[in-house]
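Residue numbers begin at 1 in each chain, while the letters A, B, ... track the order of the sequences. Computed from a predicted model, the values in this text were never measured in an experiment.
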Protein chains: 2
Amino acid sequence: MSKPATIKDIAQRLNISVSTVSRSLRNAPDVNIETRQAVIALSEELNYQPNKLALSLRQKQTHTIGVIVPNLDYVLSTMVRGIDEVALEAGYTVMVCQSNESYGREILNTARLLDSLVDGFIVSVSSETKIFDHFKKIQHRGLPMVVFDRIAPQLTAPSVRLDNEEGGLLATEHLLEQGYKRIAVLAGPANLGVSNSRLDGYLKTLKKYKIKKDDSLIMHCDFNQDYAYYATLELLAMKKRPDAIFTISDRMAIGAMLAIKEKGLRMPSDIGLVGFNNEPVASLVTPMLSSIDMPSFELGKAAARLFIESMNTSEDLSQVEEILRPKLCIRESSRRLA
Amino acid sequence: MSKPATIKDIAQRLNISVSTVSRSLRNAPDVNIETRQAVIALSEELNYQPNKLALSLRQKQTHTIGVIVPNLDYVLSTMVRGIDEVALEAGYTVMVCQSNESYGREILNTARLLDSLVDGFIVSVSSETKIFDHFKKIQHRGLPMVVFDRIAPQLTAPSVRLDNEEGGLLATEHLLEQGYKRIAVLAGPANLGVSNSRLDGYLKTLKKYKIKKDDSLIMHCDFNQDYAYYATLELLAMKKRPDAIFTISDRMAIGAMLAIKEKGLRMPSDIGLVGFNNEPVASLVTPMLSSIDMPSFELGKAAARLFIESMNTSEDLSQVEEILRPKLCIRESSRRLA
DNA sequence: AACGTTTCCGGTAACGTTTCCGGGATTTTC
DNA sequence: GAAAATCCCGGAAACGTTACCGGAAACGTT
């Protein structure tokens with residue numbers, strides 16, 4: 001129905017030129033106070049909204065950030081909320097695309113956003129991705145890009161991530177303190193950075209406590225409840241079975257839990273369990289699951305702040321690496337001491 | 001670095017006019033086959049991508065859909081994935097905004113998307129919203145709008161939703177079949193449409209089975225685990241306590257479960273429990289939770305399809321109402337007969 | 001009275017694209 | 001062989017905005 005008013009409409013109704021209207025609206029100098037007031041009054045009456053498209057075309061900025069995430073599970077959607085929060089504050093709009101952990105989809109998404117003319121990218125890379133040309137293309141276009149959570153050493157870009165190693169350390173140390181002796185790890189796919197870092201934390205802790213590592217206690221499996229279930233069954237079938245398990249995600253911990261219950265073992269007495277991410281589900285299962293908590297919302301905010309900083313500065317921030325610290329959250333599944 | 005090539009670059013290099021280049025690229029008539037081929041060859045060489053901004057400005061279409069949702073919990077993020085799926089297919093990009101169940105935020109989001117010049121909206125309305133002027137403004141601008149899941153009778157717009165009444169019916173009937181006699185309902189806030197419809201399904205079923213309703217068995221409380229917990233404690237403290245509870249969300253069912261366990265009652269023997277939504281958590285809790293399953297992904301797809309249809313037709317679709325059917329998913333918490 | 005400053009405003013180009021229109025050159029038609 | 005049709009192409013306007021430039025009018029200064 002009522003087409004939105006343009007600067008030209010205002011100019012005509014006031015019998016002045018569009019340039020003057022434009023200047024008035026951006027309160028630039030070189031315009032009489034009265035005409036400016038008239039312009040402002042009329043623009044409010046007509047409910048004038050500047051056309052973002054024309055503006056973007058003119059000044060080659062869209063004030064839009066392309067966000068690419070592998071999925072929108074609890075952790076990532078919380079991070080996205082964090083990104084959204086500070087982006088909005090800074091006058092940016094975000095476009096979120098899910099790659100569904102697919103390399104092809106990730107390429108498609110970057111291409112799409114790239115020619116939708118976003119001003120830059122905030123990216124968490126898919127687990128499937130081993131080639132990074134599509135991301136490098138972004139940088140080659142001169143657009144800023146921040147990598148968060150799932151970072152990749154192949155990309156030289158500012159990054160924000162969790163100290164995953166410390167997470168592994170916290171979990172392992174806690175289990176040792178509770179008197180568990182044979183601690184197994186359910187890790188993710190061997191090419192997933194976050195998983196490996198958490199594993200490293202575990203290994204370092206063993207070394208610190210002078211416990212020699214037992215490779216049979218380290219299982220790699222898909223980031224998935226079912227695989228975790230079967231992997232746990234294998235662990236429990238060992239002649240010298242582990243008396244504690246650290247899984248690098250809550251999802252996997254749930255799978256492990258099912259297997260443990262099925263075998264008639266009790267937590268935390270027979271076997272201790274610690275997950276990672278501290279998703280809400282952790283306090284819904286029985287027994288309630290101990291987990292490594294990460295400041296997801298804060299992490300998202302930090303990523304967006306870093307992005308905006310790299311928009312505004314001409315310095316090279318590609319070496320900036322922000323690292324947030326995890327926190328141990330002890331619940332029933334691993335507390336056997338008072 | 002390398003600024004993207006424009007139509008003008010191609011024209012210059014080929015010593016022809018921009019019009020000819022444009023025509024060649026859109027294989028319009030009135031262009032010689034050879035020049036066309038030359039243009040196409042060069043455009044590929046330069047990796048030419050048409051500037052979406054200029055295009056949108058010109059033809060007053062952005063090929064972008066604004067999606068507004070109250071949050072991104074499991075159900076809604078699944079629906080959004082569905083929307084994304086068919087939107088992408090049809091050449092649209094989606095911009096998702098969360099209102100966080102806040103009326104003010106919803107207004108802000110619509111305004112922002114509106115002047116980002118989206119082509120239309122797909123909306124699920126926040127629970128807080130009682131005034132709909134911001135949505136009517138969309139329609140007044142002549143933009144198509146589809147409402148999904150959380151619909152509102154105040155809005156005359158095409159809609160896609162679940163048959164919530166049937167959900168309530170399925171749950172209640174199932175509990176009756178399992179021999180439960182006194183069935184309580186944990187409903188959401190009294191102004192939430194979906195909640196009331198599910199409640200209606202319950203009431204209709206009672207009537208069908210000639211059971212007189214007992215108002216003390218119907219509790220309204222916030223859409224929230226904690227409130228559900230306390231409400232359940234109240235229910236269980238009644239002199240004639242219910243022997244089954246139907247909650248209108250899984251989140252609330254979890255709260256109820258905690259209360260039930262705390263009171264030393266067992267499911268399904270002492271008390272039956274059925275949730276709604278069939279979130280993954282339903283099969284993670286002990287006992288596993290029976291729930292009403294809804295085709296969220298399909299619902300999202302249907303909403304997007306309806307949107308695209310209303311983009312392409314000039315007919316008035318505002319009376320179109322697509323209703324998807326729920327499915328009962330029986331698990332441990334309510335199965336006491338073989 | 002002449003000149004420099006300030007104040008205020010309009011015209012125009014530009015961002016990258018499509019579309020309409022007109023016209024020269026070539027071909028067809030009788 | 002002239003009129004008519006066809007084939008190609010370029011120019012220009014338009015979408016809505018900003019930015020640069022130039023200039024008219026008013027003012028102040030000697």
Review point. Donor-acceptor pair under 3.5 Å: do we get one between T6(B)'s side chain and the base of dG16(C)?
Key: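 Per atom types, no contact qualifies.
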Practice item. Look through every strand shown and name the nucleotide pairing with dC3(C) as Watson-Crick or G-U wobble, where both distances are under 3.5 Å. Key: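 Per the H-bond distance test, dG28(D).
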**Study point:** Watson-Crick or G-U counterpart of dG23(D), or none if no pair lies under 3.5 Å
**Key:**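 dC8(C) - that is the nucleotide pairing with dG23(D), both distances being under 3.5 Å.
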Check your understanding: For DNA chain C, which residues in residues 22-32 of chain B have a heavy atom at a distance below 4.0 Å?
Key ->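 Going residue by residue through residues 22-32 of chain B, the ones with a heavy atom under 4.0 Å of DNA chain C turn out to be S22(B), R23(B), R26(B).
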Exercise for review: Not counting sequence neighbours, list each pair that qualifies as a ring-ring contact (aromatic ring centres under 6.0 Å, His included) and has a residue in residues 17-63 of chain A.
Suggested key: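 Listed once each, the pairs are H63(A)-Y92(A).
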To the nearest Å, give me how far apart [atom1] ([X]) and [atom2] ([N]) are.
| X | N | atom1 | atom2 | value |
| --- | --- | --- | --- | --- |
| D115(B) | dT17(D) | CG | C1' | 14 Å |
| Q59(B) | dG16(D) | CD | P | 14 Å |
| Q61(A) | dT17(D) | CD | P | 17 Å |
| I16(B) | dG11(D) | CD1 | C1' | 14 Å |

Check your understanding: Should R150(A) and E101(A) count as an ion pair when the cut-off is N to O under 4.0 Å?
Key ->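 Salt bridge: yes.
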Exercise for review: Could you tell me whether R161(B) and E321(B) make a salt bridge, using a distance below 4.0 angstrom between a side-chain N and a carboxylate O?
Suggested key: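 So R161(B) pairs with E321(B) through a salt bridge.
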Of the options [options], whose atoms approach the side-chain atoms of [X] most closely?
| X | options | answer |
| --- | --- | --- |
| L55(B) | dT17(C), dC15(C), dC15(D) | dT17(C) |
| K60(B) | dC15(D), dT17(D), dT17(C) | dC15(D) |
| Y48(B) | dG10(C), dC15(C), dT17(C) | dT17(C) |

